[in-house]
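What follows is one structure encoded as structure tokens, with my remarks underneath.
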Amino acid sequence: MVCIVVSDMMRRSSSVSKRTSTDIAKKMVAKYPKSLQDVIEGDIIGPGYHSLVKQLQNRMENVKRSTTPKIRKRKRHTEDSDTDEVPPEQRAAIQDTYGCIKWDVKFLPLGETPESQQEKQEKLRRMSQQTNANPEEIKQLMKSTFFTQRKQVNQGKNIKYLLEGWPSWFSELGMGVHFKELTGIALKETFIQNVDLKGKRLLNYMSTFCMSKNKKFLQAATRVKMLRGAELSGCSEDVKEMVLLLMAYFEEREEMMLSNVEDTCLAGEIQMDKLPVTPTIIVCG
């Protein structure tokens with residue numbers, strides 16, 4: 001239905017405003033409220049048509065997106081080799097920038113030079129080795145060197161290179177600063193706020209409607225309840241439970257996402273060759 005409506009809209013105009021798609025969604029919901037209205041547990045959510053507006057807009061974005069492959073893994077043969085790689089800088093430059101407000105910063109901050117950026121990077125590197133480093137100073141240094149961080153990412157520098165050059169970036173504090181500069185969203189605060197707003201509803205849904213999904217999910221839900229116990233509560237416990245239940249719901253392989261090690265194990269002692277190649281959470285104990 002959404003595809004058909006959007007196709008008709010875009011035949012009339014290739015650039016449809018949000019206001020227009022909102023008006024159309026409003027009329028559709030008014031005509032077919034039982035089918036299209038946003039309702040959860042008998043309550044109308046907001047004005048009742050926001051999710052339909054979102055679907056219309058997402059469909060329009062997908063239709064407008066170029067269908068030409070942006071990354072060519074192979075170019076024409078040369079005399080020396082049969083395959084030429086796409087240079088890292090070119091490969092990084094064509095990655096999806098959706099959701100970012102400062103993907104590629106064009107100019108250095110006012111008063112900054114390449115030399116001052118390097119000095120601040122060196123200072124950040126030294127501070128990462130200190131146990132009593134001032135977090136506010138780290139935040140300011142991360143913000144002022146964001147230009148150089150993005151340049152290195154967009155040049156295709158690998159994670160190992162970035163980790164050596166910007167160890168603070170890979171801490172919770174530095175990662176949060178970079179994410180805020182890149183997207184305009186406070187990562188941790190937004191996540192916790194959403195857990196507070198929607199976490200209980202999700203857990204309630206998982207522990208009631210989903211219990212009959214299959215035997216594997218029922219076993220996972222029972223195990224989570226036993227692990228949590230009656231005395232534990234709070235945001236962090238909710239998050240743990242959500243992760244485990246969502247993995248069971250979508251039938252993800254736990255060993256591909258969580259790697260258990262002894263509770264006395266240090267980061268440097270972990271055998272990297274035994275871990276999956278995909279991003280993994282290391283669980284101590």
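No hydrogens, no waters, no symmetry mates; every other heavy atom, side chains included, goes into these values. Note that the numbering runs from 1 along the sequence shown for the chain.
For Phe146, the ring-ring contact (aromatic ring centres under 6.0 Å, His included) partners at least two apart in sequence or on another chain are His178. The ring-ring contact (aromatic ring centres under 6.0 Å, His included) test applied to Tyr205 returns Phe209, not counting sequence neighbours. Taking the ring-ring contact (aromatic ring centres under 6.0 Å, His included) definition, one finds that Phe250 meets it with nothing, sequence neighbours left out. Not counting sequence neighbours, Gln193 has no partner by the side-chain hydrogen bond (donor to acceptor under 3.5 Å, both in side chains) test.
Taking Ile, Leu, Val, Met, Phe, Trp and Tyr as members and joining any whose side-chain heavy atoms lie under 4.5 Å apart, directly or through other members, Ile4 forms no hydrophobic cluster with any other residue.
The shortest side-chain heavy-atom distance between Met242 and Leu203 falls under the 4.5 Å cut-off. Taking 4.5 Å as the limit, every side-chain heavy atom of Lys200 sits out of range of all side-chain heavy atoms of Val195. No side-chain heavy atom of Thr145 sits under 4.5 Å from any side-chain heavy atom of Glu112. A 4.5 Å side-chain heavy-atom check between Val16 and Val6 finds every atom pair outside the cut-off. In this structure the side chain of Leu246 reaches within 4.5 angstrom of the side chain of Met206, judged on heavy atoms. Inter-residue side-chain proximity for Leu275 and Ile282 is flagged as met; some heavy-atom pair is nearer than 4.5 Å. Two residues are said to be in side-chain contact when any heavy atoms from C-beta on lie closer than 4.5 Å; Met142 and Leu173 fail this criterion. Looking at heavy atoms from C-beta onward, Leu36 lies in side-chain contact with Met1 at the 4.5 angstrom threshold.
A donor-acceptor pair under 3.5 Å links the side-chain atoms of Asn154 to the main chain of Trp103, judged by distance alone. Listed for the Gln121 side chain is a donor-acceptor partner under 3.5 Å among the backbone atoms of Gly165.
If you chain together hydrophobic residues whose side chains sit under 4.5 Å apart, Met257 and Leu245 fall into the same group.
Ion pairing of Asp23 with Lys27 is absent here, as no side-chain N (NZ or NE/NH1/NH2) approaches a carboxylate O to less than 4.0 Å.
Under the salt bridge (charged side-chain N to carboxylate O under 4.0 Å, His left out) criterion, the residue pairs touching residues 180-194 are Lys102-Glu181, Glu172-Lys188, with sequence neighbours excluded.
Separating the OG1 atom in Thr222 from the CD atom in Gln219 is a distance of 7.5 Å, to the nearest 0.5 Å.
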